[in-house]
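As the structure is a prediction and not an experimental result, all values here were calculated from the model.
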Amino acid sequence: MAQAVEEWYKQMPIITRSYLTAAVVTTVGCSLEIISPYNLYLNPTLVVKQYQFWRLVTNFLYFRKMDLDFLFHMFFLARYCKLLEENSFRGKTADFLYMLLFGATVLTGIVLIGGMIPYLSVSFSKIIFLSNSLTFMMVYVWSKQNPYIHMSFLGLFTFTAAYLPWVLLGFSVLVGASAWGDFLGMIAGHAYYFLAFVYPRMTDRHPLKTPSFLKVLFADEPVVIARPEDVRFAHAPFDEIHQD
């Protein structure tokens, strides 16, 4: 059993494995009181005035209590993040990382702007961790990329993947969980899908082109080496030329 789990973990693509590991370690560390959630949550005042920039990252790693909701989001993260990285973003690790960075930036911006709007500021001020939202964003993007896959929810009814985010959103409401985080994830996911896939087809423009410095980190793109004019290559051996 342990060996099977180890093989499953090792077979995960690098971004999915890294994010899942960081999320589990952070959440378990907080549950064991090794790490304090008060040092992780999103606090714009502490970020700007006390330069606690790590909060812009750590608020995406903590999934609160280790309960059923935590297990659900770990399942979504392990499954749909892995499916996206292995299929839609196969050989495009830098693009996948850029998608996560874009989603994290959009979610942070929504919360910060929403916190300044009258009548909405109270609701947005309660959103101090965006880990669930980022996970839900990946679910949304996957559903848009695979809209015709048939799925079943707890064996109760079947639907196509295009409706998966709405089914999960309704489930969150039924169990009494806050749907705000999931809904924000849908907004960020739709923004990415439109700008990365729909808008380029409409205008032949690519506003979300992955920066070159991210592509340098991953050897996904084929490297073309120009042949210098002053370099001569030896001819292949006669046996290799006529080899079948």
Would a hydrophobic clustering, with Ile, Leu, Val, Met, Phe, Trp and Tyr connected at side-chain separations under 4.5 Å, put [X] with [Y]?
X	Y	value
L112	I128	no
Y80	I149	yes
W54	Y51	no
L84	V198	yes
Y148	W166	no

Closest heavy-atom pair and its distance - [X], [Y]:
X	Y	result
M138	L77	CE-CD1, 3.5 Å
L100	I15	CD1-CG2, 3.6 Å
W142	A161	CZ3-CB, 3.7 Å
K144	P147	O-CD, 3.5 Å
L107	S133	CD1-CB, 3.7 Å
Y140	P165	CD1-CG, 3.7 Å

Drop me the distance from [X]'s [atom1] to [Y]'s [atom2], to the nearest 0.5 angstrom.
X	Y	atom1	atom2	result
T16	K82	OG1	NZ	8.0 Å
L208	F102	CG	CZ	5.0 Å
C81	M74	SG	CE	10.5 Å
K209	L195	NZ	CG	16.0 Å
D95	F89	CG	CZ	6.5 Å
L42	S131	CG	OG	11.5 Å

Hey, mind stepping through Y193 and Q145 against side chain to side chain contact (heavy atoms under 4.5 Å, CB included) and telling me if it holds? CA-CA 9 Å; Y193 181 77; Q145 291 283 76; 3.5 Å; yes
Is [Y] close to [X] at the side-chain level, that is, under 4.5 Å between some pair of heavy atoms?
X	Y	result
L130	F60	yes
C30	L40	yes
L214	L101	yes
L169	M186	yes
S88	F96	no
H150	T160	yes

Y62 and I35: CA distance, side-chain angles, deciding distance, side chain to side chain contact (heavy atoms under 4.5 Å, CB included) verdict: CA-CA 10 Å; Y62 180 49; I35 308 172; over 6 Å; no
Do other residues, nucleotides or ligands put more than 12 heavy atoms under 6.0 Å from [X] [atom1]?
X	atom1	value
F53	CZ	yes
F183	CZ	no
I14	CD1	no

Which residue in the set M137, E85, K92 passes side-chain contact (heavy atoms from CB on, under 4.5 Å) when paired with M99?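 Looking at M137, E85, K92, the match for M99 under the side-chain contact (heavy atoms from CB on, under 4.5 Å) is M137.
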Sole residue of L134, L61, N59 in side-chain contact (heavy atoms from CB on, under 4.5 Å) with F129: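 The side-chain contact (heavy atoms from CB on, under 4.5 Å) with F129 is passed solely by N59 among L134, L61, N59.
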For the pair Y38 and Y41, name the ring-plane relationship: parallel under 30°, tilted 30 to 60°, perpendicular over 60°.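 Perpendicular, since the angle between the ring planes exceeds 60°.
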Which word best sums up how the rings of Y19 and F63 line up, parallel for under 30°, tilted for 30 to 60°, or perpendicular for over 60°?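 The arrangement is tilted - the two ring planes meet at 30° to 60°.
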Counting N and O atoms only, with roles assigned by atom type, does the side chain of R17 sit under 3.5 Å from a partner on the main chain of M12, one being a donor and the other an acceptor?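 Present.
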Show, in sequence, the C-alpha distance, side-chain angles and deciding distance for T26 and T58, and conclude whether the side chain to side chain contact (heavy atoms under 4.5 Å, CB included) test is met. CA-CA 8 Å; T26 302; T58 55; over 6 Å; no
Can you see whether T21 engages Y9 through a side-chain donor-acceptor pair at a distance of less than 3.5 angstrom?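 A donor-acceptor contact under 3.5 Å links the two side chains.
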